[in-house]
There are 2 protein chains.
Amino acid sequence: MNKKYTIKDIALLAGVSKGTVDRVLHKRGKVSDTALKKVTAILETIDYKPNLIAQNLKNNKTYHICVLLPDPNIDNYWQRCKIGILNASQDFEPFNVIVSIIEFNPQFTESFVENHQKALKQNPDAVLLAPLFYKEAQTAITDYKNLNIPVLTFNNQVTPITADGFVGQDLIQSGRVAARLFETTIRSGHITIIHINEDISNAKHMQEKESGFRTYFESKEENAFKISTLHVEADKLHALLTNYLENNTDTKGLFITTSKSYLVAETLEALRINDITLVGYDLLDLNVKYLNSGHITYLINQNPKHQAHLGVTSLAEHLIYQNKISKTTYLPLDIINSENVKQYITN
Amino acid sequence: MNKKYTIKDIALLAGVSKGTVDRVLHKRGKVSDTALKKVTAILETIDYKPNLIAQNLKNNKTYHICVLLPDPNIDNYWQRCKIGILNASQDFEPFNVIVSIIEFNPQFTESFVENHQKALKQNPDAVLLAPLFYKEAQTAITDYKNLNIPVLTFNNQVTPITADGFVGQDLIQSGRVAARLFETTIRSGHITIIHINEDISNAKHMQEKESGFRTYFESKEENAFKISTLHVEADKLHALLTNYLENNTDTKGLFITTSKSYLVAETLEALRINDITLVGYDLLDLNVKYLNSGHITYLINQNPKHQAHLGVTSLAEHLIYQNKISKTTYLPLDIINSENVKQYITN
DNA sequence: TTGAAAGCGCTAACAC
DNA sequence: GTGTTAGCGCTTTCAA
């Protein structure tokens with residue numbers, strides 16, 4: 001029988017008081033050798049698990065988690081992150097965890113720095129942040145560490161970073177997923193990787209995806225593909241791509257490394273091109289529209305909502321239950337086509 | 001300021017005792033009109049949310065959830081379900097929820113009936129079951145309903161079923177996902193749907209997938225595909241398929257509606273056929289092996305682990321927090337290729 | 001009909 | 001060092 005033991009039971013068995021048992025369990029010292037031995041002896045024979053509920057009932061302190069992320073109004077990608085954060089926030093409300101969201105402008109490092117200061121002032125018990133800017137993020141993390149505040153990063157993995165953990169995706173592998181999709185869909189031919197630069201903060205992201213993409217093909221014995229790379233500013237994309245496609249009529253695939261693949265789809269639609277396989281990222285409304293129209297063949301879901309949710313959950317459980325924060329958590333790389341997109345959006 | 005109100009606060013504000021407030025909150029009657037009015041007046045002005053933790057601390061009754069599923073040793077598909085159940089079980093251990101797993105033999109209806117009786121004897125507070133056999137499942141559900149025990153079904157959606165809810169996948173849509181995968185990979189040609197019958201319990205499953213698969217192509221303006229269907233017993237598959245492929249050299253795709261696609265891959269490997277696109281279901285070890293070797297092109301993940309986890313979670317939260325059990329929960333239809341399979345297995 | 005009081009399991013302050 | 005005690009928020013019993 002696996003009876004549920006309580007502190008009271010242990011105290012009774014060991015012939016000491018609850019207080020002593022508590023001191024032993026929490027290694028708070030001030031316990032005689034004999035008492036210590038008696039209690040540990042009991043603890044070894046039974047399977048004692050503290051009642052986490054009761055533990056937290058007493059703890060009427062409220063925990064404060066601060067999340068630092070880009071303003072979804074400036075970059076829509078972050079909207080779903082915000083939803084994930086709000087959901088997680090609700091989950092932990094009964095445990096007296098409050099989550100405050102601070103938004104910065106992803107176009108300016110100054111905005112990040114400034115809002116990081118704002119976060120510091122709130123004196124949070126834990127911080128979740130999107131380390132868009134390498135240097136500034138590093139400094140911010142050091143600030144928190146000095147104050148002994150646990151920090152978790154998400155979405156952008158910047159190594160070597162000194163945060164307590166990271167939640168996100170393996171971007172190299174994500175490039176390989178795209179590569180394999182092209183391999184099965186077009187089998188051979190010319191594929192162009194398009195990096196759409198809106199702001200510098202994405203550079204690392206895009207580069208890793210390209211690296212995974214290329215090495216996938218390079219590691220094959222026979223490589224039937226020709227790979228090119230194109231860097232474009234969002235506002236010049238239409239003109240440049242139109243021109244590019246005219247000069248590269250052998251183009252069979254386009255791999256867009258950011259969430260702006262709808263911009264490319266718009267161009268293809270305008271040019272009435274239907275025979276190019278387009279693989280991009282993220283379930284933005286506009287991307288989904290073009291996925292359904294067939295202009296985008298596959299989207300890889302970076303699952304921002306789940307990332308953020310997991311980040312908050314991980315920190316909350318660390319605060320409440322003293323759970324360890326795992327160093328690296330990689331989320332699945334979801335492959336989305338027109339037929340399975342619905343469930344990913346509604347969930 | 002959104003202060004956290006407690007029953008004590010309300011009692012103080014209303015000038016009554018905690019007991020009375022509690023009676024009002026739980027509509028247990030035995031409250032005078034005046035007291036009732038005073039308390040409800042207060043409740044309307046403030047935002048009171050009971051502390052779920054404290055609520056459950058008192059509840060030293062343990063909840064018992066019973067899960068009825070096929071023996072994973074007989075059909076390996078259910079192994080990951082079991083893991084999901086055990087995980088969820090751990091999550092709710094602190095809340096005094098115990099989960100017992102009862103396994104039946106999916107090859108015999110009698111085994112289901114017999115084990116259902118075993119479950120009944122345990123007098124559980126809630127039941128999660130895989131309704132493999134329509135008629136017998138229906139009877140079982142009625143039994144539980146008569147005893148006022150909430151029942152959730154998972155994995156197999158059998159309509160019209162009278163359970164309180166269902167967790168699983170949209171199988172029609174799942175067939176459409178496969179169809180779209182073939183459309184992008186082979187563009188045109190002959191595809192054969194293979195139903196591998198091990199036992200009758202899968203019939204409905206396979207039929208729905210086929211239906212979704214076919215209607216996807218039928219709804220297109222121009223249909224470049226020829227679709228055939230093949231029913232095979234597992235032990236006769238190799239011989240029959242070898243023969244079939246000899247007589248149907250135009251075969252470009254094979255869609256396997258069960259988790260046994262590795263059997264087909266074995267045959268293709270033996271015949272040294274590499275140019276047939278194979279789409280199957282589920283991340284069984286053997287399937288993953290052939291996914292990595294390239295004999296299987298895509299797998300659709302039915303996510304048994306998540307299904308079962310969600311089922312147990314949903315029931316546990318119903319018992320603990322009186323959460324409603326949602327009528328239908330559809331999980332995402334994950335598309336898996338050799339490059340993203342890893343994250344799905346380890347998570 | 002109502003308030004007072006005990007107690008769920010755990011923690012922490014406080015006497016001894 | 002150690003036991004006792006009060007209290008976290010809520011439920012439930014019991015007297016009044």
Side-chain angles (χ1 to χ4, degrees), chain A residues 2-43 46-63 92-97 319-322, chain B residues 2-40 42-43 46-63 92-98 319-322:
Chain A
N2 44 7
K3 179 191 182 323
K4 274 229 164 194
Y5 287 93
T6 70
I7 287 203
K8 197 170 149 191
D9 295 324
I10 300 171
L12 232 56
L13 287 167
V16 297
S17 74
K18 294 196 296 171
T20 306
V21 176
D22 187 69
R23 278 183 281 262
V24 173
L25 285 171
H26 292 80
K27 305 195 169 78
R28 282 214 221 82
K30 312 205 172 188
V31 181
S32 68
D33 247 22
T34 42
L36 183 84
K37 268 175 199 148
K38 277 193 287 185
V39 174
T40 41
I42 302 289
L43 284 175
I46 65 162
D47 174 38
Y48 170 71
K49 284 179 195 156
N51 181 327
L52 300 175
I53 295 175
Q55 213 158 29
N56 268 87
L57 180 57
K58 184 66 191 180
N59 247 344
N60 60 349
K61 75 171 100 115
T62 59
Y63 298 107
F92 290 100
E93 211 202 73
F95 295 88
N96 283 329
V97 174
L319 294 173
I320 302 174
Y321 304 130
Q322 288 85 48
Chain B
N2 44 7
K3 178 191 182 325
K4 275 227 164 193
Y5 288 93
T6 69
I7 285 203
K8 197 172 149 190
D9 295 324
I10 299 171
L12 232 56
L13 287 166
V16 297
S17 74
K18 295 196 295 172
T20 306
V21 175
D22 187 71
R23 278 182 282 262
V24 173
L25 285 170
H26 293 80
K27 304 196 170 78
R28 285 214 218 81
K30 310 204 174 188
V31 181
S32 68
D33 246 23
T34 42
L36 183 85
K37 268 177 200 147
K38 278 193 286 185
V39 175
T40 41
I42 302 289
L43 284 175
I46 65 163
D47 175 38
Y48 170 71
K49 284 179 195 156
N51 181 327
L52 300 174
I53 294 174
Q55 212 158 29
N56 270 88
L57 180 57
K58 184 63 189 182
N59 248 345
N60 60 349
K61 76 173 103 124
T62 58
Y63 298 108
F92 290 99
E93 211 202 73
F95 295 88
N96 283 330
V97 174
I98 60 167
L319 294 173
I320 303 173
Y321 304 130
Q322 287 84 49

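Keep in mind the model is a prediction, meaning the values are calculated, not measured. Order of the sequence lines fixes the chain letters, A, B, ..., with proteins taken first and strands second; residue numbering starts at 1 for each chain.
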_Among L13(B), L25(B), V21(B), the one residue meeting side chain to side chain contact (heavy atoms under 4.5 Å, CB included) with L43(B)_ =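 The option that passes is L25(B).
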*asked:* For dG9(C) and Y48(A) - does any side-chain N or O of the residue sit under 4.0 Å from the phosphate oxygens OP1/OP2?
replied: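 No, no such contact exists.
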*Think Q55(A) has a side-chain N or O under 4.0 angstrom from the OP1 or OP2 of dT11(C)?*
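For dT11(C), OP1/OP2 do have a side-chain N/O of Q55(A) under 4.0 Å.
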*What bend angle does the helix from dT1(C)-dA16(D) to dC16(C)-dG1(D) show across its length, from five-pair end axes and to the nearest 10 degrees?*
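Both end axes considered, the difference amounts to 60°.
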Name the closest nucleotide to the [X] side chain, picking from [options].
| X | options | answer |
| --- | --- | --- |
| I7(A) | dT1(C), dC10(C), dT12(D) | dC10(C) |
| V31(B) | dT2(C), dG9(C), dT11(D) | dT2(C) |
| K8(A) | dT11(C), dG1(D), dC8(C) | dC8(C) |

Between [atom2] of [N] and [atom1] of [X], the distance in whole Å:
| X | N | atom1 | atom2 | value |
| --- | --- | --- | --- | --- |
| L36(B) | dT1(C) | CG | C1' | 12 Å |
| D22(B) | dC14(D) | CG | C1' | 15 Å |
| N96(A) | dG9(D) | CG | C1' | 11 Å |
| D9(B) | dC10(D) | CG | C1' | 13 Å |
| K30(A) | dA12(C) | NZ | C1' | 12 Å |
| K27(B) | dT11(D) | NZ | C1' | 17 Å |
| H26(B) | dT13(D) | NE2 | P | 13 Å |
| I320(A) | dT11(C) | CD1 | C1' | 17 Å |

Heavy-atom pair of closest approach, residues [X] and [Y]:
| X | Y | answer |
| --- | --- | --- |
| S17(B) | A11(B) | C-CB, 3.7 Å |
| F92(B) | I320(B) | CD2-CD1, 3.7 Å |
| I7(A) | Y48(A) | CG1-OH, 3.4 Å |
| L36(B) | V31(B) | N-CG1, 3.7 Å |

With the criterion being N/O to N/O and under 3.5 Å, what pairs connect the protein with nucleotides 3-5 of chain D, and how long is each?
unit_1 : atom_1 : unit_2 : atom_2 : d
dG3(D) : OP2    : S17(A) : N      : 3.0
dG3(D) : OP2    : S17(A) : OG     : 3.1
dG3(D) : OP2    : T20(A) : OG1    : 2.5
dG3(D) : N7     : R23(A) : NH2    : 2.9
dG3(D) : O6     : R23(A) : NH1    : 3.2

*For DNA chain C, whose closest nucleotide is more 5', that of S32(B) or that of L25(A)?*
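Looking at the nearest nucleotide for each, S32(B) comes out on the 5' side.
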Value rounded to 0.5 Å, distance of [atom1] in [X] from [atom2] in [Y]:
| X | Y | atom1 | atom2 | answer |
| --- | --- | --- | --- | --- |
| Q55(A) | N51(A) | CD | CG | 8.0 Å |
| K37(B) | D33(B) | NZ | CG | 5.0 Å |
| T40(B) | I10(B) | OG1 | CD1 | 11.0 Å |

_Check against side-chain contact (heavy atoms from CB on, under 4.5 Å), R28(A) and D22(A)_ = CA-CA 8 Å; R28(A) 282 214 221 82; D22(A) 187 69; 2.9 Å; yes
*asked:* Under 4.0 Å, heavy atoms only, any strand: does N51(B) hit a base, just the sugar-phosphate, or nothing?
replied: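 The residue N51(B) makes sugar-phosphate contact but no base contact.
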_Residue pair I42(A), D9(A): steps toward the side-chain contact (heavy atoms from CB on, under 4.5 Å) verdict_ = CA-CA 10 Å; I42(A) 302 289; D9(A) 295 324; over 6 Å; no
